[in-house]
Amino acid sequence: MKKRIFSGAQPTGKLHIGNYLGALKNWVALQDDYDALYCIVNLHSITLPQNPDELRRNTLDLARVYLAAGLDPSRSIIFVQSDVPQHAELAWVLSCITRLGELERMTQFKDKGKGNTERVGVGLLTYPVLMAADILLYQTDLVPVGQDQKQHLELCRDIAERFNRDFGETFRIPDPYIPKAGASIKSLLDPERKMSKSDENANGSIFLTDDADTILKKFKRAVTDSGTAITFDESRPAINNLLTIYQLVTDKTAEECVVHFEGKGYGQFKPELAEAVIEFLRPFQEKVQHFDDEHVTNILKEGAEKARAIAAVTLQDVYSRMGITR
Ligand code: ATP
Ligand code: LTN
């Protein structure tokens with residue numbers, strides 16, 4: 001039997017190449033060898049305020065992105081989180097065995113909540129519990145994510161182990177799958193920060209829908225570090241990031257990239273990098289418009305039916321072990 005993978009992205013804002021290279025690219029590659037579920041986690045999105053019409057639109061748009069990137073509904077289950085009510089139900093159960101201290105230690109909560117406990121919603125704190133429910137409902141073996149989600153995954157494992165210890169073997173313990181290169185693509189304007197959807201300055205990110213001119217302009221503006229050599233160098237985070245992007249979109253080895261740019265400077269490197277990214281995104285951008293709403297809605301409906309069938313079995317087991325009869 002194939003092992004199972006589960007992953008998801010939030011339908012908030014536009015996806016950037018960090019999301020693509022850190023997550024989506026691997027999702028597509030893994031769907032051949034694994035039994036895969038890919039979710040649009042709209043219930044996670046509402047941990048920060050959303051405009052209802054925009055959320056509806058973004059949900060379908062993200063499904064289009066999944067399909068254009070190469071997720072194949074005949075091989076993978078593609079669905080919307082809120083279409084499977086078991087996610088929210090299991091999240092409640094798990095929240096009762098999760099400790100407040102564990103959640104308060106999560107760096108994403110600290111970053112997004114900014115310590116403002118009077119104003120910040122409780123959902124931002126309990127967000128990782130819902131994420132654990134997403135994963136555990138499907139008896140997931142492997143979770144392909146970017147580096148920023150590693151801590152949430154460790155918490156998910158702790159919660160699952162605690163439940164298994166208290167109520168008997170119920171959940172499979174999932175492993176993270178974090179790519180060696182691309183797990184944390186940095187902002188073009190600040191290589192100390194990850195490229196982020198929630199960044200107010202659009203010039204720090206290359207969005208999957210950016211046109212050729214915009215991509216070239218953004219790379220030309222990208223900050224650089226001191227020194228001129230185009231090499232991988234941990235002590236020069238800006239060039240390290242740009243060269244990593246180049247490597248991943250061209251599918252070259254690190255060594256090939258360095259040899260290719262030997263003796264060249266930023267003046268040649270940046271336009272070549274922009275060209276490589278434009279070419280990489282071209283097939284995706286051509287495809288993404290071709291999926292109409294009705295087609296996408298049907299795929300999501302079928303995905304939700306398949307997902308519900310798996311999720312219901314796990315939740316029933318959880319309830320019966322806890323003495324909750326339905
Ligand atoms: P934001 O960029 O606002 O922090 P997010 O991380 O919440 O957005 P999601 O759509 O939920 O965005 O993430 C989808 C996937 O993309 C996750 O697996 C996440 O780890 C990955 N990811 C996000 N940002 C990056 C990045 N800069 N580099 C690599 N992977 C990333
Ligand atoms: N928290 C993730 C999105 C997410 C997820 C998941 C990823 C929600 N549920 C389950 C993997 C598995 C994020 O913000 N990127």
Side-chain angles (χ1 to χ4, degrees), residues 4-28 30 36-48 50 58-59 61-63 65-66 69 79-82 84 87-88 90-91 94 106-109 111-112 123-124 126-138 140-157 159-160 174-202 204-208 237 241 244-245 248 307 311:
R4 179 162 289 157
I5 52 180
F6 182 99
S7 200
Q10 300 186 58
T12 8
K14 295 187 284 188
L15 258 70
H16 49 69
I17 53 167
N19 300 126
Y20 202 113
L21 300 174
L24 215 52
K25 192 170 180 248
N26 300 313
W27 300 3
V28 175
L30 290 166
L37 291 107
Y38 296 117
C39 188
I40 294 166
V41 293
N42 57 347
L43 297 177
H44 276 103
S45 289
I46 60 169
T47 51
L48 292 174
Q50 301 296 326
N58 285 338
T59 303
D61 282 348
L62 185 54
V65 167
Y66 281 11
F79 72 104
V80 178
Q81 189 183 31
S82 60
V84 182
H87 288 245
L90 182 61
L94 298 180
M106 296 291 120
T107 54
Q108 184 174 301
F109 170 68
D111 291 348
K112 296 201 175 175
L124 209 55
T126 56
Y127 178 112
V129 180
L130 179 58
M131 177 165 165
D134 297 342
I135 296 166
L136 299 177
L137 265 181
Y138 300 97
T140 301
D141 294 289
L142 208 62
V143 186
V145 282
Q147 179 67 28
D148 60 324
Q149 296 304 315
K150 187 165 180 257
Q151 198 188 26
H152 290 163
L153 220 76
E154 281 159 8
L155 177 64
C156 170
R157 290 167 58 94
I159 296 172
D175 284 312
Y177 177 96
I178 296 170
K180 279 195 198 74
S184 188
I185 298 293
K186 305 302 182 191
S187 159
L188 302 185
L189 299 179
D190 179 0
E192 301 298 331
R193 290 197 355 247
K194 74 163 198 138
M195 191 176 281
S196 170
K197 279 185 196 161
S198 32
D199 194 341
E200 317 83 65
N201 192 340
S205 309
I206 303 283
F207 297 109
L208 302 185
N241 186 45
T244 300
I245 296 175
L248 290 168

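Values below: every heavy atom of this structure, side chains too, minus hydrogens, waters and symmetry copies. Both counts, for ligands and for their atoms, begin at 1 and track the order of listing. Remember, predicted model here, so these are calculated numbers, not experimental data.
Looking at K14 and L208, their side chains never come closer than 4.5 Å, going by heavy atoms from C-beta outward. By the 4.5 Å heavy-atom criterion applied to side chains, Y127 and H152 are counted as neighbours. Residues D134 and H44 meet the side-chain proximity criterion, which asks for heavy atoms closer than 4.5 Å. Side chains of S205 and L188 form no contact here, defined as non-hydrogen atoms less than 4.5 Å apart.
Of the options K194, K197, M131, the smallest heavy-atom separation from atom 24 (N) of ligand 1 is shown by K194. With Q81, K197, H44, Q149 as candidates, the residue nearest to atom 8 (C) of ligand 2 on a non-hydrogen basis is H44. Between atom 22 (N) of ligand 1 and the options I17, N19, L48, the minimum heavy-atom separation is to N19.
Atoms of ligand 2 lying under 4.0 Å from any heavy atom of Q10, numbered from 1 in the order shown and given with element: 14 (O). Those atoms of ligand 1 with a heavy atom of S198 less than 4.0 angstrom away are 3 (O). Every atom of ligand 2 with a heavy atom of V143 under 4.0 Å away is listed here by number and element: 11 (C), 12 (C). Every atom of ligand 1 with a heavy atom of V145 under 4.0 Å away is listed here by number and element: 18 (O). Less than 4.0 angstrom separates some heavy atom of D148 from each of these atoms of ligand 1: 6 (O), 19 (C), 20 (O). Taking a cut-off of under 4.0 Å to the non-hydrogen atoms of V41, the atoms of ligand 2 that pass are 8 (C), 9 (N). Atoms of ligand 1 lying under 4.0 Å from at least one heavy atom of A23, given by number and element, are 15 (C), 16 (O), 18 (O). Less than 4.0 angstrom separates some heavy atom of V145 from each of these atoms of ligand 2: 7 (C), 11 (C). Below 4.0 Å from some heavy atom of A183 lie the following atoms of ligand 1, by number and element: 28 (N), 29 (C), 30 (N). Residue Q149 approaches ligand 1 through these ligand atoms, each under 4.0 Å from one of its heavy atoms: 20 (O). Interface of G22 with ligand 1, defined as ligand atoms under 4.0 Å from a residue heavy atom, comprises 29 (C), 30 (N).
With no hydrogens or angles considered, a side-chain donor-acceptor pair links N42 and S82 at under 3.5 Å. The closest side-chain donor-acceptor pair between T12 and Q50, if any, does not fall under 3.5 angstrom.
Taking each heavy atom of T107 and Q151 in turn, the nearest pair found is N-OE1, 2.8 Å. Of all heavy-atom pairs between N241 and S187, the closest is ND2-O, 4.2 Å. Contact between T244 and I185 at its shortest, heavy atoms only, is CG2-CD1, 4.3 Å. Scanning both residues, P128 and M106, for their nearest heavy atoms gives CG-CG, 4.0 Å. The two atoms that bring A132 and I159 nearest to each other are CB-CD1, 4.2 Å, heavy atoms only. Nearest approach of L142 to P176, heavy atoms of both residues: CD1-O, 4.2 Å.
We find that D199 and R193 are joined by a salt bridge, their nearest charged nitrogen and carboxylate oxygen being less than 4.0 Å apart.
The protein non-hydrogen atom at the shortest distance from atom 30 (N) of ligand 1 is G18 O, 3.2 Å. If you check which protein heavy atom lies closest to atom 10 (C) of ligand 2, you get F6 CE2, 3.5 Å. With respect to atom 18 (O) of ligand 1, the closest heavy atom belonging to the protein is G146 N, 3.3 Å. Remark: minimum distance from atom 9 (N) of ligand 2 to any protein heavy atom is reached at D134 OD2, 2.7 Å. Scanning the protein heavy atoms around atom 1 (N) of ligand 2, the nearest turns out to be Y127 OH, 2.8 Å. The protein atom (non-hydrogen) at minimum distance from atom 3 (C) of ligand 2 is G8 O, 3.7 Å.
Within the structure, ligand 1 has H16 among the residues with a heavy atom less than 4.0 angstrom away. Within the 4.0 Å heavy-atom cutoff, S7 counts among the residues contacting ligand 2. Every heavy atom of S187 sits 4.0 Å or more from the atoms of ligand 1.
Close N/O approach between I185 and ligand 1 is found [any backbone or side-chain N/O within under 3.5 Å]. Checking only distances, A9 never comes within under 3.5 Å of ligand 1, N or O to N or O. Considering backbone and side-chain atoms alike, S196 places an N or O below 3.5 Å from some N or O of ligand 1. Taking any N or O of Q10, backbone or side chain, at least one lies under 3.5 Å from an N or O belonging to ligand 1.
Heavy atoms of I135 found under 4.0 angstrom from ligand 2 belong exclusively to the side chain.
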### Query
Going through the checks in order, is the side chain to side chain donor-acceptor pair (under 3.5 Å) test met by D148 and Q108?
CA-CA 8 Å; D148 60 324; Q108 184 174 301; over 6 Å; no
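Few gaps surround NZ on K197; more than 12 heavy atoms of other groups in view lie less than 6.0 Å from it.
Ring geometry, Y66 versus Y38: the interplanar angle exceeds 60°, so the pair is classed perpendicular (tilted spans 30 to 60°).
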